[in-house]
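Written below as C-alpha cells is the structure these notes are about.
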Number of protein chains: 2
Amino acid sequence: MPRAAVVGAGMSPFGHHDAPLEELFADAALPAMDDAGVSADEVDAFYFGNALAGQTENDTHLAPTLATHLGLQGIPCQRFEDACATSSNAFKHAVQAVESGIHDVALVGGVERCTPETGLDTDAMTRIFASASHRRYEQPTGLTFPGVFALLTKRHMHEYGTTEEELAAVAVKNHQHGQYNPNAHFGQDATVEDVLESPVVADPFHLMDCCPFSDGASAVVVVADDLAESFRGDPVAVTGVGHRTDAVPLADKTAITATQSARDAASDAYAQAGIEAADVDFAEVHDCFTGAEVMAIEALDLVEDGAGRHAAAEGTTYVDGELPVNPSGGLKAKGHPIGATGTAQIVELTEQLRGAAGKRQVEDASTGVAHNLGGDAATTVVTVMEARA
Amino acid sequence: MPRAAVVGAGMSPFGHHDAPLEELFADAALPAMDDAGVSADEVDAFYFGNALAGQTENDTHLAPTLATHLGLQGIPCQRFEDACATSSNAFKHAVQAVESGIHDVALVGGVERCTPETGLDTDAMTRIFASASHRRYEQPTGLTFPGVFALLTKRHMHEYGTTEEELAAVAVKNHQHGQYNPNAHFGQDATVEDVLESPVVADPFHLMDCCPFSDGASAVVVVADDLAESFRGDPVAVTGVGHRTDAVPLADKTAITATQSARDAASDAYAQAGIEAADVDFAEVHDCFTGAEVMAIEALDLVEDGAGRHAAAEGTTYVDGELPVNPSGGLKAKGHPIGATGTAQIVELTEQLRGAAGKRQVEDASTGVAHNLGGDAATTVVTVMEARA
C-alpha cells in the first residue's frame, strides 16, 4: 500500500561546484518543484540533509537559510545529519509526516560540497569524513572510511573467496552506467585492469574501487498519496521505508560482513510494501567502495550470501542484466556528495519508475529499492518505490 | 487533547564536563529511562540532538554511537541540528512518531560540550557558534550571536523604551532562580548594579546579560498517550508542539523585534492544545540574552508587545510572581549546552508539572510552555505541556 508519493525530482550535476550552498541546492530544489508543478506557497515543510558543512564551511543551521533562498520561510524546517544516510533519513521523516496527515506537501533534499572549493585538501577532507566513525576507539588509530570498508571487504574475501577482480568488475559496471547519466561525476569505459593498476588506497581497494568526493544537490517533492494525482508531476509510490542502526564502533558488531542494519531495514521496508526481494526489478545501493555494493545486494536478499561477488563480473547487475544495480552509476561514478546522496537515489528511482531514465532506463521497471548507508555500516535506510498502477 | 506523554526525564548538571559525549549523555539518558521504568529493549527509537560536535570534536554521526553505549543498537536513530533549537526539534519528531503510531516509546535528548575541554578558546567557540548565522551575509561582517541579539534588543529599546536596567533585572531574576536548581551552571545573588558593571560584550549587553557556554546533557522518554499510565514515571501530557522558521539573514525579516516564528509556533501550539496564552501558568523561554526573554514573553502573548520590559523588574516573572518565567534559571543561569537546551526545557516542564521541582516549584502549576529558539531568531519550537487530570 502506498505510504506517500513522489511527484517531483531534481538534482544538480554531481562534480565540482563553486556556487554557495543555497544556490547549489536551488539547482536541485527548483527543478523538483517545477517538475511537480508546486509553487513555494504550496510547500508545507522542508526536510533537509547536510552532513559536513559545519566542518567544511563553518555553516550550520542551513535549513532556514536554504528555505529563505527558495521563498519558503515560515514553514517548519529541519536539518538531519546521519553521515552518508543523511538525506534518506530526512526522506523517511517526510514520508511519515505526509502519511500521518501532519503535512500535505514536503520538500526533501540534501546538499554537500566536498571538493577543494572549500579550501580543504584531501587529507583534511579525509579527517572530516572520519568524524562519522567512533571518535575515541577508531579515529585515533588512523582508521578512515576506505579502511573501514576495507576491513569489511577483507573479511568478505576471507569468508567467501571474493577476489580483487570481482570487486573491480563492480567499478567497471558503475563507470559504464555513469556514461549514460548526464548528471554523473564520472563516466568512462574502464577495464578491470584499469582498476587493478590504479594505486592502492586501503588493501584490497585501489583508487578506482573508491567513490569520489563530490559536490552536489538533490531534491524531491513528497506528497500524501491521496493527493498524488493532483500535481503536474507523474507520481511514483513510496511503499516502504525501513531504517535501522547497527552498533558503533565496528568492534561491537557480531558479524561485520552482514551489515545487519541493512538486513533489518530491508525486512521492514519489504514488509511495509508487501513484497519480497524477488519482486525487486532494480536497486540503487550505497557503493561507496566496490565491496560495499557486494555486501549490499546480499543484505537486500537480492542474491544469496556469498554470491554477491559474481553479480557484476557475470553481468547480472548491468542495466541490461537480470537485476540492474546502480543504473545511475552509483556513488562510484555518479558521485557522492554526502548529504545529497540519499535523495539522489530517490531521484533515480523516480526517473526509472516513470520510464524517463533515457539511455540508462531499466526495462519494465516497476519496483525499485534504494539502500543508503551511513558511517561504520551503522545507519541504513532502505526504501521501496513502485510505479503506480 | 494529549498528543503524547513524557514519562521520564533526566539531565546532567550543566557546567564543565570532561567526560566523552557518550558518557555525558548517559548521565541524562539513563536517569530518564530509570525514571520512566523503561529498559533498553523497550525503547523503539532514538531522537537525538547535537549542534556542534563536528566542529568542536570532529565527532558526527553520534546517534548510533550514543545508542550503542546505552544498549539501544538496532533501533532507528536520527540526529537533528537546528542550532539552539536542535533537541526541541528532535522532541517534536518523537511526539509525532508516537502520536501517529510509528513508535510506542522514544528516547529523546541532546548533548553538547562548549567549554574549553574541547581545546577551543572563547574566540574559536564564538566563531563556531556564528556558523548558525548567514555564512555569506553575516559571518563576514563579524556579526556573532551577542551582536545578533543586541541588534534585536536595540530595536526593542528604540520602539518601546526598554532600558538596560530592565534587561539587567532579567539576569538578576534568572540567577536567583538558578540558586534553587541543583543542576544549574550558575546560581548567585546578583544585583542590577552587578550586571551593569560587568564588561560590555555587545551594546546593550554586558557580560551578565549573556548566557554562558556550558557542557551538559538532557533526555526524556516520550510515549504514546494511551500507554502513559503503564510506566513507572508519573506522566505529563504533551498537548501542543508548534514549529516555525523565520527568514535568514536578519535583514530579510520584516520586523526583527517580533520574532515572528515564535508567534506562529505559539499560535500553532496553543491551538493544538486548545488553550489561550492566559491559561499558561509558567514558561521556560530561550533567554540566551536578557533581551531575548523580553521578546519571548511578548511573542508567546504572555504580555502585550512592549510590556515585556517591565516583567522581571516588577517581579511578575519570579517563581513566586504572577507569571513565573524560567524557574529553572533559564539559559542565563542554568546554562546553555546548545544541543541539550531544548530537551532540558522539557525536563523542567516535566518536573514542574509533576510538582517535583523542589525549591523552585511554581505553585499550582498545571500548564507550562517551552520556547526554544535557534539561530537568527529563525527556528522556533513552542511546546505546551499539561499536568494530567
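The chains referred to below are lettered A, B, ... by the order of the sequence lines, with proteins before strands, and numbering in each begins at 1. Just so we're clear, the structure is a prediction, and the values are computed from it rather than from any experiment.
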Leading residue by heavy atom contact count with chain A [cutoff under 4.5 Å; candidates [options]]:
{"options": "B:Ala265, B:Ala63, B:Pro20, B:Gly101", "answer": "B:Pro20"}
{"options": "B:Cys77, B:Gly375, B:Ala53", "answer": "B:Cys77"}
{"options": "B:His69, B:Arg79, B:His134, B:Arg127", "answer": "B:Arg79"}

_Taking side chain to side chain donor-acceptor pair (under 3.5 Å) as the criterion, tell me which of B:Thr379, B:Asp376, B:Thr86 meets it with A:His61._
B:Thr379
Where on [X] is there a heavy atom nearer than 4.5 Å to chain B: the side chain, the backbone, both, or neither?
{"X": "A:Gln139", "result": "side chain"}
{"X": "A:Thr380", "result": "neither"}
{"X": "A:Tyr47", "result": "side chain"}

If you define the side chain from C-beta out and look only at heavy atoms, does anything of [X] sit under 4.5 Å from [Y]?
{"X": "B:Glu81", "Y": "A:Glu81", "result": "no"}
{"X": "B:Ser100", "Y": "A:Glu99", "result": "no"}
{"X": "A:Thr60", "Y": "B:Gln55", "result": "yes"}

*Sub-3.5 Å donor-acceptor pair from the side chain of A:Thr68 to the main-chain atoms of B:Val248, do we have one?*
yes
Between [X] and chain A, with a heavy-atom cut-off of 4.5 Å, which part of the residue counts as in contact: side chain, backbone, both or neither?
{"X": "B:Ile102", "value": "side chain"}
{"X": "B:Ser261", "value": "neither"}
{"X": "B:Asp59", "value": "both"}
{"X": "B:Ala132", "value": "both"}

*asked:* One thing to verify: whether B:Arg136 and A:Glu22 come together as a salt bridge, which I'm taking to mean a side-chain N less than 4.0 angstrom from a carboxylate O.
replied: yes
*asked:* Below 4.5 Å, heavy-atom pairs only: which of A:Leu52, A:Asn58, A:Asn50 has the largest tally toward chain B?
replied: A:Asn58
*Give me the contact list for residues 240-247 of chain A versus chain B, heavy atoms only, anything under 4.5 Å, ordered by residue number.*
A:His243, A:Arg244, A:Thr245, A:Asp246, A:Ala247
*asked:* Applying side-chain contact (heavy atoms from CB on, under 4.5 Å), can you list everything that pairs with B:Ala4, at least two apart in sequence or on another chain?
replied: B:Val95, B:Val98, B:Val222, B:Val238
*First locate atom NE2 of A:His93, then atom CD of B:Gln78, and finally report the distance between them rounded to the nearest 0.5 Å.*
4.0 Å
*Hey, could you give me the CD1/CG distance between A:Ile75 and B:Asp264, rounded to the nearest 0.5 Å?*
12.5 Å
*asked:* Check the orientation of B:Phe80 and A:Phe80. Use parallel for under 30°, tilted for 30 to 60°, and perpendicular for over 60°.
replied: tilted
